[in-house]
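Since the structure comes first, as structure tokens, the remarks are kept for the end.
For clarity, every value in this text was computed on a predicted model and none was experimentally measured.
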Amino acid sequence: MIQYPRPNGRRKALAVLAGSLALALAGCSGGGDPLENESTPAASGSSTGQALVVGSADFPESSTIAEIYAGALNAAGIEAETRLGIGSREVYIPALQDGSIDLIPEYTGALLVNIDPETNLVDPGEIVDSLSENLPENLVVLKPSDAEDKDAMVVTSATAEKYQLESIEDLAKVCGELTLGAPAEFAERTQGLPGLKDKYGCEFKEFTAIGDAGGPLTVDALLKDDIQVADIFTTTPAIEENGLVVLEDPKQNWPAQQVIPLIADDRVNDQAREVLDEVSAQLTTEDLIALNQAVSGDQKLDPAEAASDWLKEKGLA
């Protein structure tokens, strides 16, 4: 998916200056440093004799997946703890490299674009293969899950019915009559307006910049018909809650975005990798939607509680 701040700003450069890293860490929520090291007993899943530290980016879905990873590891007798809300890639990639964290949930397509901005790969397998070949030294990905969270062109059921829309190919026939709402960056990003024009010949009548990355403001504008099409992430609970229609992307304007563990190769041993692979084998897009509804919907569950429920349901706790 195109990774805008939600508020995580997922797509960032790999390297940051030490001063920028310190500033970013100082600004993390909770009044403390989420990367502060703590003394912990030895853990069988760590090659360093310390508990494995599972990080997350600063948005609820990432935090929940991190809690799933940590919960599965602990259930398997591998001591693990979480450092949630670290920030964007400019913070957590260096944190993986310097040992502040040992692993973190990632998204395949966005991670590849981060390390290879010129890539045009969209196939799930090709993306994972490219990641394996091009990640920085000592960083590796494990097996990807079937779970994906990616950008999508979303319309109301009324708009879908009015224009007979099932895919972006259908949308392209009427783009000139409609207004699209999306983050400002969408206007220039390769997979934003340029990609829709190049792959589908879709040029909207108007573009409205909305800064909440497919959040409540975007959904509200869509429901009020202030915009007729919105860029919304596919695991957003509001899609199901409001009966919105996700248009198919047959020409793959957006690459595969499978959830995948990104680990420090020298600090996560084979036993821990097997546990993480088992999580990936069971995690689905439908699970992400349900977890997001539990955490960000009316239930307002803590990510750790939602993760615990999922692990019990899957027999991993």
Taking NZ, NE, NH1 and NH2 as the nitrogens, is one of them in Arg273 or Asp277 under 4.0 Å from a carboxylate oxygen of the other? no
The salt bridge (charged side-chain N to carboxylate O under 4.0 Å, His left out) partners of Lys197 (sequence neighbours excluded) come to Glu203
- Salt bridge present between Lys314 and Asp287 (N-O < 4.0 angstrom): yes
With sequence neighbours left out, the residues meeting salt bridge (charged side-chain N to carboxylate O under 4.0 Å, His left out) with Asp302 are none
Has the side chain of Asp151 got a donor or acceptor atom that lies under 3.5 Å from a matching backbone atom of Asp231? no
Using a 3.5 Å distance criterion without hydrogens, assess whether the side chain of Ser145 forms a donor-acceptor pair with backbone atoms of Ala147. yes
>> Quick one about Asp146 and Thr284 (side-chain donor to acceptor, distance below 3.5 Å, no hydrogens or angles considered), yes or no?
In response: no
Can you tell me how the ring of Trp254 sits relative to the ring of Phe186, calling it parallel under 30°, perpendicular over 60° and tilted otherwise? tilted
- So, does Asn269 use its side chain to make a donor-acceptor pair with the main chain of Gln271 at under 3.5 Å? yes
CG (Leu180) and CG (Leu171) are apart, to the nearest 0.5 Å, by 8.5 Å
Separation between CD1 (Ile227) and OG1 (Thr159), nearest 0.5 Å, reads 10.0 Å
* Asked: Quick one: does Thr234's side chain have a donor or acceptor within less than 3.5 Å of a partner on Lys150's backbone?
  -> yes
Distance col, row Arg267:CZ vs Asp102:CG, nearest 0.5 angstrom, shows 5.0 Å
Consider only side-chain heavy atoms of I, L, V, M, F, W and Y, link residues closer than 4.5 Å, and tell whether Ile210 and Val229 are in one cluster.
no
| said: Is it the case that the side chains of Ser130 and Asn134 hold a donor-acceptor pair, with the cut-off being a distance below 3.5 Å and no angle test? | reply: yes
